[in-house]
Trainee: 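Could you have a look at this structure, given as structure tokens, before my questions?
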There are 2 protein chains.
Amino acid sequence: MVVKVASVQDAARFPGLPLHPRTLKAFQSEFDLSPEALCTRMLQRHRDTIRTQKPHVAVARLVRIVQTTLALSNRKGFHSMSLRHLATASGLSMGALYTYFDSKDTLLLMILGEVSGAVSATLGSPPAALSEDPGKRLRWLLETHVYLTETMQPWFQFAYMEAKAFPKEGREKARRSELATEALIADALADGVRRGRFSAANVELTASLIKPLLQDWYVKRGKYRRRGVLPEQYVEAVTTFVENAILPRGQHGTRP
Amino acid sequence: MVVKVASVQDAARFPGLPLHPRTLKAFQSEFDLSPEALCTRMLQRHRDTIRTQKPHVAVARLVRIVQTTLALSNRKGFHSMSLRHLATASGLSMGALYTYFDSKDTLLLMILGEVSGAVSATLGSPPAALSEDPGKRLRWLLETHVYLTETMQPWFQFAYMEAKAFPKEGREKARRSELATEALIADALADGVRRGRFSAANVELTASLIKPLLQDWYVKRGKYRRRGVLPEQYVEAVTTFVENAILPRGQHGTRP
DNA sequence: ATTTTGTGAGCGAGCGCTCGTTTTTATTGA
DNA sequence: TCAATAAAAACGAGCGCTCGCTCACAAAAT
């Protein structure tokens, strides 16, 4: 499959939105979140349920299965996607599908597992240098979150839309992952407020206002694509918006 | 059904969040958005497909059907809700259901129709006095949107989660309604920027950042209920957050 | 007596899932 | 080098079941 990637230089059409220093590409060379890499980890995690022996075959098939599942589910919903349709669209047979998972729910949980795995692998390990600067820490969080969800957009859209509808294990995994992200934001905010760099009447509530700004990027990805907004521009817009919103009085517009 | 409403005075637990002048109750006495009122309009709009003759019977049954549909769908998804389950839970028979709609999709569209109807009835007619003050106009928009979606929370959650999965007519109705709301915000922003009261590098993008703040209130209503955040407090938090974010440099903290 | 409203077993279609069979791939021995 | 063989993977019709939906009939209201 050929993927067309818009170059960063294309972005000049919004002169009010300068490009952010760290690009999407820089993030992507830091973490390998390609479908192949994700499905390799998926195979490792589910060696017991996946009956295919040879890893290279298993990974190749998993990539096809997962990509097709995400494409079909994100259009019409996971529950509406029949396994017959998945089989046809992914070029496998019904029986072949069932050598990779033992039930439709397992397929869902396998995908959710990689999503929450990717979250803790990226957001879970912020550079140590940031711990003393809440401003940089917050900016790193926002930026990394947008780039992560940009790279795995169909996965995150899937997790957001389908997590509630399915087995208890999946729902709780999604809920915990969501709250963890919000806690990271709240921590950075609280640190900034303590040091007098931020102003927020209620840190938890402010954190829960920032979260939907990050989610909008992958939930409404189509809208932003249609409008020609690049990931780097969205990072810049969200960062400016949030930093102005929590800037202590009298320090307005003094970003380095 | 008895609904327990937290009084506005209960709100003292967040001292940092003063109550907003216009309360939810004031909004609710301005617009009748009770299930009965909504289902009465639903009956009027669908006299041809609803075979029940007596209006008071039809409205009573519609209320039961719609309330149950929203409850079941918002927990597990509309597609996962079987009509048998809906019949049992609403106390009607399979056949009785089909005197109120001619297909499951029609039921979905009937609900979506009332949601977009309510949006244009409330947000579509702002007080004329506001047109000269972009600050008040924006605040009225945010406040009215939160109160509207609070009053019809299950309806809006339903529309948000299910609109994409179903027939073209429903998807487009939802998309148009969403864009219209965003345009209202963008208009107020543009007016404020022109008058030098707001600062925003890109008005459209800023409007699309405000939208998810409003949606979060009804999509994640459970989270805010668990944390004891009242509608009035959320209005206050969003308003402060947004106003600080778009305040021109040097005018920080000068809200009336 | 007549109209209106409600009932729920039954219909065909399509669902998730299985398993006896076929096809493909890898390994072997001369 | 290349059939013969063994191991791995793919196949897809068919199973039991539930789905959305209908309709001959019963009950209730007028």
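Remember, predicted model here, so these are calculated numbers, not experimental data. We name chains A, B, ... by the order of the sequence lines, and we start the count at 1 in each one.
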Trainee: Using only side-chain N and O atoms of Ser93(A), determine if any of them is under 4.0 Å from OP1 or OP2 of dC11(D).
Mentor: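 Looking at the OP1 and OP2 atoms of dC11(D), one of them is under 4.0 Å from a side-chain N or O of Ser93(A).
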
Trainee: With no angle test and no hydrogens, is the base of dG14(C) tied to the side chain of Arg84(A) by a donor-acceptor pair under 3.5 Å?
Mentor: no

Trainee: From the list dT5(C), dC17(C), dA10(D), which nucleotide is the closest neighbour of the side chain of Thr52(A)?
Mentor: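 Shortest atom-to-atom distance from the side chain points to dA10(D).
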
Trainee: Would you say Arg61(A) places a side-chain N or O within less than 4.0 Å of OP1 or OP2 belonging to dA10(D)?
Mentor: yes

Trainee: Are there over 12 heavy-atom neighbours, none belonging to Arg171(A), within less than 6.0 Å of that residue's CZ?
Mentor: yes

Trainee: Over how many whole Å does the gap from Gln53(B) atom CD to dA28(D) atom C1' extend?
Mentor: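 So the CD-C1' distance, Gln53(B) to dA28(D), works out to 16 Å.
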
Trainee: Nearest whole Å is fine: how far is dA9(D) P from Arg64(A) CZ?
Mentor: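 Whole-Å distance recorded here is 18 Å.
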
Trainee: Rounded off to whole Å, could you give me the CG-to-P distance for the Asp102(A) and dG16(C) pair?
Mentor: 15 Å

Trainee: Is the phosphate of dT18(D), meaning OP1 or OP2, less than 4.0 Å from a side-chain N or O of Ser82(B)?
Mentor: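 No, no such contact exists.
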
Trainee: So, taking the atom named OH in Tyr98(B) and the one named NZ in Lys104(B), what distance separates them when rounded to the nearest 0.5 Å?
Mentor: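 So the gap between those two atoms works out to 8.5 Å.
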
Trainee: For Glu30(A), is there an ion pair with Arg22(A) - N to carboxylate O distance below 4.0 angstrom?
Mentor: yes

Trainee: Within this structure, what is the CZ-to-P distance between Phe101(A) and dA10(D), rounded to whole angstrom?
Mentor: 13 Å

Trainee: Classify the angle between the aromatic ring planes of Phe78(A) and Phe158(A) as parallel (below 30°), tilted (30 to 60°) or perpendicular (above 60°).
Mentor: perpendicular

Trainee: Would you mind reading off the distance between Lys54(A) atom NZ and dA9(D) atom P, rounded to a whole angstrom?
Mentor: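 Those two atoms, NZ and P, are 6 Å apart.
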
Trainee: Just to be sure I understand the rule, does Tyr100(A) reach a base, reach only the sugar-phosphate, or reach nothing, if contact means heavy atoms closer than 4.0 Å?
Mentor: sugar-phosphate

Trainee: What's the CG-P distance between Leu97(A) and dC19(C), to the nearest Å?
Mentor: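 Taking CG of Leu97(A) and P of dC19(C), I get 17 Å after rounding.
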
Trainee: Could you tell me how far apart His79(B) (NE2) and dG16(C) (C1') are, to the nearest whole angstrom?
Mentor: 13 Å

Trainee: So does Lys104(B) get a side-chain nitrogen or oxygen closer than 4.0 Å to the phosphate oxygens (OP1/OP2) of dC19(D)?
Mentor: no

Trainee: Under a 3.5 Å cutoff, is there a donor and acceptor pairing between the side chains of Glu114(A) and Trp155(A)?
Mentor: no

Trainee: Choose from dT18(C), dG20(D), dA26(C) the nucleotide whose nearest atom is closest to any side-chain atom of Met94(A).
Mentor: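 Among the listed nucleotides, the one closest to the side chain of Met94(A) is dT18(C).
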
Trainee: Both Gly95(A) and His56(B) contact DNA chain D. Which one's nearest nucleotide lies toward the 5' end?
Mentor: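 So the residue in question is Gly95(A).
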
Trainee: Take the protein atom CG of Leu92(B) and the nucleotide atom P of dT22(D), then report the distance between them rounded to whole Å.
Mentor: 17 Å

Trainee: Among the nucleotides dA10(D), dC21(D), dC17(C), which one has an atom lying closest to any side-chain atom of Tyr98(A)?
Mentor: dC17(C)

